[in-house]
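Each ligand, and each atom within it, is numbered from 1 in the order the structure gives. Remember, predicted model here, so these are calculated numbers, not experimental data. The first residue of the sequence shown is numbered 1, and numbering continues consecutively from there.
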Amino acid sequence: MSKHTPVQSVQYRGDHLLLLDQHELPHKMDFIRIETTEQLWNAIHALQVRGAPAIGIAAAFGLSLWANQQKEESDLRTFTHQLKIQRNYLSSARPTAVNLCWALDRVMQSIQYAETVQDAIQLIEIEALTIQREDEATCQQIGEYALSLFQPGDHILTICNPGAIATARYGTALAPFYLAQERGVPLSVYACETRPLLQGSRLTTWELQQAGVDVTLITDNMAAHTIRTKKISAIIVGCDRIAANGDTANKIGTFGLALQAKALGIPFYVASPLSTIDLDTPSGESIPIEERHPEEVTHLAGRRIAPEGIKVYNPAFDVTPHEYISAIITEKGIIFGSYRENLAIIKNQKNLL
Ligand code: MRU
């Protein structure tokens, strides 16, 4: 089987960043050029770059772009103070995915022993590149573990886009399908379209189709029926933040899928890099849930599909309580329960490395 190389959604060029414009997919593969933190904030906020790991990677590079523009600055304290302002600004672009703050904080920590501004600028760039490189290896390892849970011929359902373009490569919940494809293991994916912004139909089907993976699109309200009629053997999803007790925030609609999995007796898996596990958030109740503009619901492809003046509730994410999660698949192994204890163990192991 041939190895498909998916397009990299975040590309760092030192003085600018190229972002695959995820608004334009699947029609066009356009890249937007980012030179300032303001442009990057807008691109993250508008979901031109999206998916928890990808926004963390982009934000880390955003600090590097900014740092590279400070070569005239000679005072390290002034530089660090201004960098912190940029970090806080970028962290406000979206609230739910913890990877955004995680990556920004990693970059901040990387300069703690810098002695000059020049040192700091170099360290920031190295750290941002490392975050991106590590994410690729992380996703591949998540894919290996996830694949061990599936049998050849399985039909698996997913939601949103937890794929290559939401990460450095491979994706989280889509990684096992890339690996299976590379190895000639037959797996079929059913992708929920993911209203209101259609990450499933626009992005997941696009990237899996390009890789030659067998993928079928359904609308979100077809999931329960499809689980029965198409013999879905498991659901696998990505995530934006896992609280210390295992409660998991992911794209709106995920909790409903977990309930359906429980009712219909199939496993519900969450694929998560350790960077998405937030031990400082005790439970799902404390996860900030982004609410987005009503127009995302009242309009489809620029056309109004609801009456003028209608009230709209538009949460972008929901929280699946940990008791509905069969396993959390990380790059360090699979956790099958006792999430509070096991998440702390696995996360701290990583910190020791
Ligand atoms: O609003 P989005 O498109 O950024 O939401 C993305 C998701 O919910 C993904 O499932 C999640 O970030 C996992 S990405 C590997």
Side-chain angles (χ1 to χ4, degrees), residues 6 8-10 19-23 25 43-59 93-103 132 135-136 138-143 146 157-178 189 191-204 206-208 220 235-242 248-258 268-278 287-293 296-297 314-320 325 328-331:
Q8 196 173 39
S9 58
V10 180
L19 300 179
L20 176 66
D21 187 351
Q22 301 197 24
H23 278 183
L25 293 172
I44 294 172
H45 188 70
L47 273 58
Q48 285 171 296
V49 58
R50 46 142 303 282
I55 62 178
I57 292 165
R94 295 191 75 190
T96 303
V98 72
N99 304 61
L100 180 57
C101 285
W102 171 86
Q132 187 179 41
D135 188 60
E136 178 173 340
T138 291
C139 288
Q140 190 172 8
Q141 199 50 55
I142 288 172
L157 190 133
T158 192
I159 188 168
C160 196
N161 173 257
I165 58 172
T167 62
R169 194 174 165 182
Y170 294 107
T172 54
L174 297 193
F177 308 118
Y178 281 105
V189 181
C192 293
E193 68 172 347
T194 320
R195 275 283 286 152
L197 294 182
L198 305 174
Q199 288 92 331
S201 65
R202 293 188 303 104
L203 308 176
T204 291
W206 174 79
E207 66 163 84
L208 291 182
D220 300 332
I235 295 176
I236 187 167
V237 300
C239 56
D240 293 83
R241 189 185 300 229
I242 299 186
T248 293
N250 189 46
K251 181 53 55 193
I252 190 73
T254 301
F255 178 28
L257 291 179
F268 178 84
Y269 299 128
V270 172
S272 171
L274 296 189
S275 54
T276 309
I277 298 167
D278 178 14
I287 299 179
I289 297 296
E290 178 180 11
E291 284 188 35
R292 294 187 59 87
H293 200 280
E296 293 180 354
V297 177
N314 183 20
F317 300 94
D318 59 26
V319 174
T320 301
I325 298 171
I328 296 175
I329 306 158
T330 77
E331 68 271 34

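At least one heavy atom of P53 sits closer than 4.0 Å to an atom of ligand 1. Within the structure, ligand 1 has C239 among the residues with a heavy atom less than 4.0 angstrom away.
Taking every heavy atom of Q199 and a limit of under 4.0 angstrom, the matching atoms of ligand 1 come to 1 (O), 2 (P), 3 (O). Interface of T167 with ligand 1, defined as ligand atoms under 4.0 Å from a residue heavy atom, comprises 15 (C). Distances below 4.0 Å separate heavy atoms of C160 from the following atoms of ligand 1: 5 (O), 6 (C), 7 (C), 8 (O), 9 (C), 10 (O).
We find the OG-CD1 distance between S272 and I329 to be 10.0 Å, quoted to the nearest 0.5 Å. Here the CG atom belonging to L174 is positioned 10.5 Å from the CG atom belonging to L203, to the nearest 0.5 angstrom. Annotation: the span from D135 atom CG to Y170 atom OH amounts to 12.0 Å, rounded to 0.5 Å. The CZ atom of R292 sits 13.0 Å away from atom CD1 of I252, with the distance rounded to the nearest 0.5 Å.
The heavy atom nearest to atom 4 (O) of ligand 1, considering only R292, Q22, R94, is found in R94. Nearest to atom 1 (O) of ligand 1 by heavy atom, out of K251, R50, R241, E290, is K251.
Electrostatic pairing of R195 and D220 does not count as a salt bridge here, judged by no charged N lying under 4.0 Å from a carboxylate O.
The proximity of I159 to ligand 1, defined as any non-hydrogen pair under 4.0 Å, does not occur for either the backbone or the side chain. The backbone and the side chain of A52 each have at least one atom closer than 4.0 Å to an atom of ligand 1 (non-hydrogen atoms only).
Side chain of Q199 to backbone of R50: no donor-acceptor contact under 3.5 angstrom is found.
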Candidate pair R202 and N161, rule side-chain hydrogen bond (donor to acceptor under 3.5 Å, both in side chains), full reasoning = CA-CA 9 Å; R202 293 188 303 104; N161 173 257; over 6 Å; no
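Considering only non-hydrogen protein atoms, atom 8 (O) of ligand 1 sits nearest to D240 OD1, 2.8 Å. Looking only at heavy atoms of the protein, atom 9 (C) of ligand 1 is closest to N250 OD1, 3.5 Å. Of the protein's non-hydrogen atoms, the one nearest atom 15 (C) of ligand 1 is T172 OG1, 3.1 Å.
With P273 as reference, T138 is the one residue of T167, T138, I242 to meet the side-chain contact (heavy atoms from CB on, under 4.5 Å) rule.
Here the shortest heavy-atom pairing between V10 and A58 reads CG1-CA, 4.1 Å.
For ligand 1, the polar-atom distance check against G51 finds a nitrogen or oxygen pair separated by under 3.5 Å.
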